[in-house]
2 protein chains.
Amino acid sequence: MRSEIHPSGQGDRSFVENARRAQIIDCAIDAIAELGYANASLAEIARRAGISKGVISYHFAGKRELIGEIIGAILKKATAVMLPRMKAERSAAGMLRAYIETNLDFLGANPNCIHAIMKIGAATRDEADQPKTDYELAFQPAVRDLEKLLRFGQQQGEFRDFSTRVMAATIRSAIDGVAFQLEANSKLDLKAYANELVILFDLATRKAAK
Amino acid sequence: MRSEIHPSGQGDRSFVENARRAQIIDCAIDAIAELGYANASLAEIARRAGISKGVISYHFAGKRELIGEIIGAILKKATAVMLPRMKAERSAAGMLRAYIETNLDFLGANPNCIHAIMKIGAATRDEADQPKTDYELAFQPAVRDLEKLLRFGQQQGEFRDFSTRVMAATIRSAIDGVAFQLEANSKLDLKAYANELVILFDLATRKAAK
DNA sequence: TAAGAATTTGGTCGTGCGGTCAGAAATTCA
DNA sequence: TGAATTTCTGACCGCACGACCAAATTCTTA
């Protein structure tokens, strides 16, 4: 057991260890999505996995590491969906559209992941705030990339002159807001919602016609 | 002690009771803002107020009721700031601008209230979700009002044809996002941020020039 | 001022948490 | 096969929480 040495890389883990870690992560996601972060105790996660509580402590240094791995797993999954479709676009406006659409696609396709990550974000954001949480650390790069995309559009002359910081934050908030609404109403029409957002932010970003 | 009968109204409470409740609510806001919801125990709140733990149980039916009262108090405060300035506007676009500006003004002027309500929202959103939380119940009317404002603008012919639902949700998310950023960086220039948002949503809502 | 009501105290209670551990079981490998 | 290693079990620890309560104290009011 040396998970403290490899907090994130899968390094030289045994087959059993990898399988167990994956299983525990999956069960943890479901437990958090259904019961909330506070109620998803190690005991509950172990119960769902059909294993003893100690196994989790054996494979993970603590609850923090488990949560960190969950975030990493979900982020990896989302990136895999989004990147290809964004790279296929040529214009900045097209990339922004792809960003919004693939994001909402992912929300619709992975409800449990979204529920889980929303609850994790909520719970960790609540704590005494001093240090950056894993959650923020994981998501800040995503916002940076979005800002880079916006700056690119401005340089290309496609976008008007706005604060890329504010625009990026607003777009991210809008998408996170969709995830939030999805928790209350799972019947939300994401295709239509995505269209509305695409138009909204197209109008907000594009250069006025001369 | 009949706080269960008057869960929210101030009814026929004694002078002492009102004073104590207000004091406890204030201390609770500070405690939650500084330590997070989870760490703001009744013991900690009592310590800050310089009273015994039991006093809180005496004046409030439980932690839930205390939290509910906190939300109500903050919401009341925010409404008092926003309503007058919105009513002073005639056009829908002007009202939207006032909505955004007064909202951000309030964020800047009441950091502790904002911290507290963010943490409460995070913590209660995290729980097993079945019933609507006080937090959601309190905020939904606010979004409704915003939607009403947007519909008004469409009827006036000021605004283009968009889903008021999506637009209202996006505006709210954008503002909530500011509160979130404010936690990480209290030096944020809110005046400039408000200007950016006003322009952004003006472009997003207004009817294209013919 | 004296009786009664309102308020406060300080302590206890049960609960559930994350984490630990000795030893059992399973697996690996020589 | 048999020893060494990895993996797992189930009981257990200390801790902090919200809730609760009987007794002490302060305020009201007749």
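To find a chain, count down the sequence lines: A is the first, B the second, and so on, and within it residues start at 1. Fair warning: this is a prediction, and the values are worked out from it, not measured in the lab.
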**OP:** Check whether more than 12 heavy atoms from other residues, nucleotides or ligands sit under 6.0 Å from atom CZ of A:Arg85, and answer yes or no.
**Re:** yes

Subject >> Candidates C:dG19, C:dC17, D:dG18 - which lies nearest the side chain of A:Ser41 >> reply: C:dC17

**OP:** Provide, to the nearest angstrom, the distance between the CG atom belonging to B:Asn18 and the C1' atom belonging to C:dT7.
**Re:** 14 Å

Original post:
A:Phe60 CZ to D:dT7 P: how many Å, rounded?
Top reply: 13 Å

**OP:** May I have the distance from A:Ile24 (atom CD1) to C:dG19 (atom P), rounded to whole angstrom?
**Re:** 13 Å

Original post:
Can you tell which of C:dT8, D:dG18, D:dC20 lies closest to the side chain of B:His59?
Top reply: C:dT8

Original post:
What's the CZ-P distance between A:Arg64 and C:dG19, to the nearest Å?
Top reply: 11 Å

Subject >> B:Glu183/A:Arg125 salt bridge by N-O under 4.0 Å criterion >> reply: no

Original post:
OG/B:Ser52 to CG/B:Leu42 distance, rounded to the nearest 0.5 angstrom?
Top reply: 11.0 Å

Show the atom names and distances, to 0.1 Å, of all donor-acceptor pairs under 3.5 Å that link a side chain in residues 186-202 of chain A to residues at least two apart or in another chain.
unit_1	atom_1	unit_2	atom_2	d
A:Asp189	OD1	A:Lys191	N	3.2
A:Asp189	OD1	A:Ala192	N	3.1
A:Tyr193	OH	A:Gln181	NE2	2.9
A:Glu196	OE1	B:Ser163	N	3.1
A:Glu196	OE2	B:Ser163	N	3.3
A:Asp202	OD2	A:Arg206	NH1	3.1

Original post:
In B/S/- notation, 5' to 3', how is nucleotides 9-15 of chain C contacted by protein heavy atoms closer than 4.0 Å?
Top reply: BBBB---

Subject >> Residue among B:Arg64, B:His59, B:Arg21 satisfying side chain to side chain donor-acceptor pair (under 3.5 Å) with B:Glu69 >> reply: B:Arg21

Original post:
Taking atom P of D:dT9 as reference, at what distance in whole Å does atom CZ of A:Arg47 sit?
Top reply: 15 Å

Subject >> Nucleotide D:dC20, atom C1' - distance to NZ of B:Lys63 in whole Å >> reply: 17 Å

**OP:** Take atom CD of B:Gln23 and atom P of C:dT7, then tell me their distance rounded to the nearest Å.
**Re:** 14 Å

**OP:** To the nearest Å, give me how far apart CD1 (B:Ile56) and C1' (C:dT7) are.
**Re:** 14 Å

Determine all donor-acceptor pairs shorter than 3.5 Å in which one atom belongs to a side chain in residues 147-154 of chain A; sequence neighbours excluded.
unit_1	atom_1	unit_2	atom_2	d
A:Glu147	OE2	A:Thr164	OG1	3.2
A:Gln154	NE2	A:Arg160	O	3.2
A:Gln154	NE2	A:Phe162	O	2.9

